[in-house]
There are 2 protein chains.
Amino acid sequence: MDASIELLDISGESGLTFRALCERLATGPGAIYWHIANKSDLMTAACDAIVARMMGANVAGATPKATIRAVALGVFDAIDAHPWVGSTLTSPAGWLPMVRILEPLGQQVRALGVPDKEQWATVSALLHYILGVGGQNAANGQLARTQGLDRGDFLEAVATMWAQLDPHEYPFTRSLAGQVRAHDDRMDFLAGIDLILRGIDSPRRR
Amino acid sequence: MDASIELLDISGESGLTFRALCERLATGPGAIYWHIANKSDLMTAACDAIVARMMGANVAGATPKATIRAVALGVFDAIDAHPWVGSTLTSPAGWLPMVRILEPLGQQVRALGVPDKEQWATVSALLHYILGVGGQNAANGQLARTQGLDRGDFLEAVATMWAQLDPHEYPFTRSLAGQVRAHDDRMDFLAGIDLILRGIDSPRRR
DNA sequence: ACCTGAACACCGTTCAAGT
DNA sequence: ACCTGAACACCGTTCAAGT
């Protein structure tokens with residue numbers, strides 16, 4: 001498991017190869033297949049190890065909203081440190097690691113007094129926002145690293161691309177180009193969380 | 001392009017193969033590589049074709065919120081019909097198809113009067129929620145199809161799995177098990193959109 | 001019960017050679 | 001300018017054979 005995570009961290013999903021793993025463990029593919037069913041299971045197990053480790057660090061005693069923010073930031077940082085976790089989490093096979101995140105979010109949503117009927121849509125919004133932004137952020141970081149750019153260079157490249165879009169067809173995205181240069185990933189991420197939390201507070205109409 | 005989309009629809013990302021595509025087009029790999037750089041570009045182009053086709057169907061004249069809901073449902077249904085679009089959209093290479101969705105959302109967010117500084121976090125929340133739930137829904141559908149289950153059987157299987165979780169460690173997820181059997185994917189999806197829209201309406205604190 | 005390692009059936013991609 | 005198709009360097013996975 002440790003060897004798999006190391007390989008994934010070094011060079012992503014394509015870096016985890018049965019041949020590379022065999023070399024690392026000084027063994028043959030048959031030995032590995034004795035313990036796991038296939039590569040998908042191996043990825044899920046590696047992902048689950050990361051998620052379980054991260055969730056274990058959570059503390060109790062804070063307010064529901066503070067706990068939600070803490071869980072969100074924990075997932076964000078974990079995906080940032082292990083970019084492959086993002087895509088593995090959302091892959092159909094990986095429902096168990098996902099439940100590990102869904103559970104604490106759900107507990108806090110319930111503590112906030114959201115009625116039973118609306119709890120699923122609420123956790124759903126939180127969960128997918130967290131995984132979505134986390135995954136995007138990690139993918140950006142990896143793409144930048146692949147092209148040998150630092151964060152500033154990368155944002156500059158994105159801003160330039162967006163600024164070159166057709167002004168008639170893409171007025172909004174173009175207007176974003178300026179902001180993107182100076183933005184703070186974690187702060188913007190938290191602003192989105194707070195937006196959803198405000199939606200939870202606000203009364204439903206029908 | 002049409003042949004690629006057909007292959008992807010039939011058997012997902014692993015179904016699009018240069019060999020399968022060559023057979024379909026009665027040609028060799030060299031001919032394909034003359035027109036595209038690699039498989040990643042091919043996937044992105046196929047994805048962009050689907051997204052462009054979908055966004056073209058959008059009508060003007062509705063209220064901002066109605067338009068946001070329409071775009072959201074359009075993406076949801078497109079991913080449901082072409083499950084591979086979900087993962088391709090969120091892959092780092094596919095920023096152009098993503099901008100096609102971001103743009104109309106942003107225009108409506110702006111029309112709702114969201115201040116400049118908060119527009120990015122707002123579209124971000126909408127976009128990632130839409131792509132996240134859409135992708136999850138499509139992945140579930142595909143997983144069900146792979147195992148030869150219909151929707152009811154699949155939800156039953158998920159409910160059973162969740163109901164078997166440790167009651168002390170997973171009280172929330174367990175309590176969801178009952179609801180999941182009777183839920184409506186599209187309705188729950190829209191409930192999440194409305195939650196975020198309420199967050200947009202509600203005043204910021206600081 | 002667990003490991004070895006050759007072999008199988010694939011991949012994406014390249015490139016000299018053709019038209 | 002565009003296509004052909006053999007070849008290269010890989011994959012995940014299996015399975016008879018060992019200990």
Side-chain angles (χ1 to χ4, degrees), chain A residues 1-49 82-94 97 139 142-143 145-148, chain B residues 1-49 82-95 97 139 142-143 145-147:
Chain A
M1 208 71 270
D2 287 343
S4 297
I5 291 175
E6 243 177 278
L7 286 170
L8 286 164
D9 284 345
I10 290 170
S11 42
E13 184 167 347
S14 68
L16 178 57
T17 284
F18 281 89
R19 278 159 183 81
L21 198 54
C22 285
E23 198 182 2
R24 203 91 162 194
L25 301 177
T27 181
I32 298 174
Y33 272 95
W34 179 260
H35 296 282
I36 56 131
N38 49 47
K39 187 173 178 179
S40 168
D41 275 21
L42 182 61
M43 292 280 302
T44 303
C47 178
D48 200 43
H82 312 279
W84 51 275
V85 166
S87 51
T88 309
L89 260 174
T90 53
S91 91
Q142 219 176 1
L143 188 65
R145 241 166 284 130
T146 303
Q147 304 181 344
Chain B
M1 208 71 270
D2 286 342
S4 297
I5 291 174
E6 245 178 276
L7 287 171
L8 286 164
D9 284 345
I10 290 171
S11 42
E13 182 166 347
S14 68
L16 178 57
T17 283
F18 281 88
R19 278 159 182 83
L21 199 55
C22 285
E23 198 182 2
R24 203 94 163 189
L25 300 177
T27 182
I32 298 174
Y33 273 96
W34 178 259
H35 296 281
I36 56 131
N38 50 44
K39 185 172 179 180
S40 167
D41 274 21
L42 182 60
M43 293 280 303
T44 303
C47 178
D48 200 43
H82 313 278
W84 52 274
V85 165
S87 52
T88 309
L89 260 174
T90 53
S91 90
W95 69 274
Q142 219 176 2
L143 189 65
R145 241 167 284 130
T146 304
Q147 303 181 343

**Asked** How far apart are the closest heavy atoms of B:Asp41 and B:Asn38, and which atoms are they?
**Response** N-OD1, 2.9 Å
Exercise answer: donor-acceptor pairs, residues 25-35 of chain A side-chain atoms, under 3.5 Å, sequence neighbours excluded:
none

**Distance below 4.0 Å between A:His35 side-chain N/O and C:dA1 OP1 or OP2** = no
**Asked** C:dT4 C1' sits how many Å from A:Glu23 CD, rounded?
**Response** 16 Å
**Item:** Heavy-atom pair with the smallest gap, counting every atom of B:Ala3 and B:Leu21
**Value:** CB-CD1, 3.9 Å
**Complete:** One should read off an interatomic distance between B:Leu42 CG and B:Cys47 SG, to the nearest 0.5 angstrom, of 11.5 Å
**Asked** Would you say B:Leu16 and B:Met43 make side-chain contact, with heavy atoms under 4.5 Å?
**Response** yes
**salt bridge (Lys or Arg N to Asp or Glu O under 4.0 Å) partners of A:Asp9, counting only residues at least two apart** = none
**Asked** Name the stems with DNA chain C in them: runs of three or more consecutive Watson-Crick or G-U pairs, distances under 3.5 Å?
**Response** C:4-8 with D:12-16, C:12-16 with D:4-8
**Message:** Run the salt bridge (Lys or Arg N to Asp or Glu O under 4.0 Å) test against B:Arg19 and tell me which residues pass, sequence neighbours left out.
**Reply:** none
**Asked** Nucleotide by nucleotide, 5' to 3', does protein get under 4.0 Å of the base (B), only the sugar-phosphate (S), or neither (-) in nucleotides 6-19 of chain D, counting heavy atoms?
**Response** B----BBBBB----
**Request:** May I have all residue pairs that pass salt bridge (Lys or Arg N to Asp or Glu O under 4.0 Å) and include part of residues 30-39 of chain A, sequence neighbours excluded?
**Result:** none
**Message:** Taking C:dC8 as the reference, what is the distance to D:dC11 when you measure between their C1' atoms (whole Å, please)?
**Reply:** 12 Å
**Asked** Would you say C:dC2 has OP1 or OP2 under 4.0 Å from some side-chain N or O of A:Trp34?
**Response** yes
